[in-house]
Protein chains: 2
Amino acid sequence: MKTTFGEYIRFHRNKKGLTLTQLAAELNLDSANLSKIENGIRDFDEKRLSKFAKIFNLDIEKVRDEYITDQIGKQIYETNCTPQLLRVAEEKAEYRRTLRNKTV
Amino acid sequence: MKTTFGEYIRFHRNKKGLTLTQLAAELNLDSANLSKIENGIRDFDEKRLSKFAKIFNLDIEKVRDEYITDQIGKQIYETNCTPQLLRVAEEKAEYRRTLRNKTV
DNA sequence: TTAGACTTGTCGTTATTTGACAAAAATAGT
DNA sequence: ACTATTTTTGTCAAATAACGACAAGTCTAA
């Protein structure tokens with residue numbers, strides 16, 4: 001089952017038997033803020049992704065994928081983007097790639 | 001061909017024979033900033049979408065679709081999100097919808 | 001009820017975005 | 001080429017949004 005990135009963090013934290021305070025300390029943030037992150041009230045700062053991966057011995061690429069799919073999934077949800085519109089968005093992303101190649 | 005939202009604005013502006021200054025005035029913004037928007041350096045403020053639609057007599061829903069697909073397409077591009085990962089993001093958006101229904 | 005874990009609210013700081021102005025560059029008309 | 005107009009670029013202050021930190025609250029288990 002696909003989950004939010006906050007739930008993903010919580011899953012790994014519980015699996016390792018860490019408290020919010022313990023993990024927050026390792027990540028250099030407040031336990032209150034980590035709580036909000038796990039509950040989807042705040043975003044996890046991208047800068048901490050590698051630290052997170054190291055703590056739980058996870059592949060950094062996998063963690064990053066988990067992160068960006070969460071971010072984009074959130075935007076799809078918030079904008080009520082339908083599957084058809086998402087196809088269009090995908091084409092536009094492709095178009096931006098062609099723009100990059102033209103300009104250089 | 002799918003384009004950026006900035007190019008979409010420029011297309012309609014040119015079609016109607018308006019200068020940046022003229023359209024910017026109608027949209028209550030600076031011509032320099034509108035120039036940046038059309039060139040993709042800045043974002044068009046979502047609050048102005050309805051005004052934009054009225055000026056060019058466009059369906060507000062269509063304009064909004066054009067806008068959100070641009071926004072999401074931009075994020076897909078910037079994060080280098082592959083089609084496979086986009087499918088995952090879509091599932092996560094769906095998951096968020098189930099969350100909403102559960103909570104209420 | 002006490003302790004530990006987690007959540008919620010708030011607020012000052014930091015970072016990002018926007019609006020505005022000036023000035024340069026490009027374009028078109030004469 | 002000269003001039004007027006349009007468009008682009010650079011910069012900065014103001015507005016906005018995101019973040020870190022602290023305090024106080026709730027919840028759970030011994």
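- In this model, the phosphate group of D:dT7 is not approached by any side-chain N or O of B:N39 to a distance below 4.0 Å at OP1 or OP2.
- Using a 4.0 Å cut-off between a side-chain N of Lys or Arg and a carboxylate O of Asp or Glu, A:R48 and A:E26 do not qualify as a salt bridge.
- Ring centers of B:F11 and B:Y8: at least 6.0 Å apart, outside the cut-off.
- Results of the side-chain contact (heavy atoms from CB on, under 4.5 Å) test with A:L86 over B:L86, B:I68, B:T69 single out B:L86 as the only residue that passes.
- A heavy-atom distance below 4.0 Å to DNA chain D is reached by these residues of residues 6-22 of chain B, ordered by number: B:R10, B:R13, B:T19, B:L20.
- An OP1 or OP2 oxygen of C:dT7 is reached within less than 4.0 angstrom by a side-chain nitrogen or oxygen of A:S35.
- The shortest heavy-atom contact between B:R64 and B:L49 is CA-CD1, 4.3 Å.
- Using a 4.0 Å cut-off between charged nitrogen and carboxylate oxygen, A:E7 and A:R10 do not count as a salt-bridge pair.
- Using a 4.5 Å cut-off between side-chain heavy atoms of Ile, Leu, Val, Met, Phe, Trp and Tyr, with links allowed through other members, B:Y77 and A:L85 fall into different hydrophobic clusters.
- Atom CG of A:L27 and atom P of D:dC19 are 14 Å apart (whole Å).
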Restricting both atoms to N or O, compile the protein contacts to nucleotides 16-23 of chain C shorter than 3.5 Å, with distance only.
residue, atom, partner, partner atom, Å
C:dG19, OP1, B:R48, NH2, 2.4
C:dG19, OP2, B:R48, NH2, 3.2
C:dG19, N7, B:R42, NH1, 2.5
C:dG19, N7, B:R42, NH2, 3.4
C:dG19, O6, B:R42, NH2, 2.6
C:dA20, N7, B:N33, ND2, 3.0
C:dA20, N6, B:K36, NZ, 3.3

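- Atom pair A:L34:CG and C:dT8:P shows a separation of 14 Å (rounding to whole Å applied).
- Atom P of nucleotide D:dA18 and atom CD1 of A:I41 are separated by 14 Å, given to the nearest angstrom.
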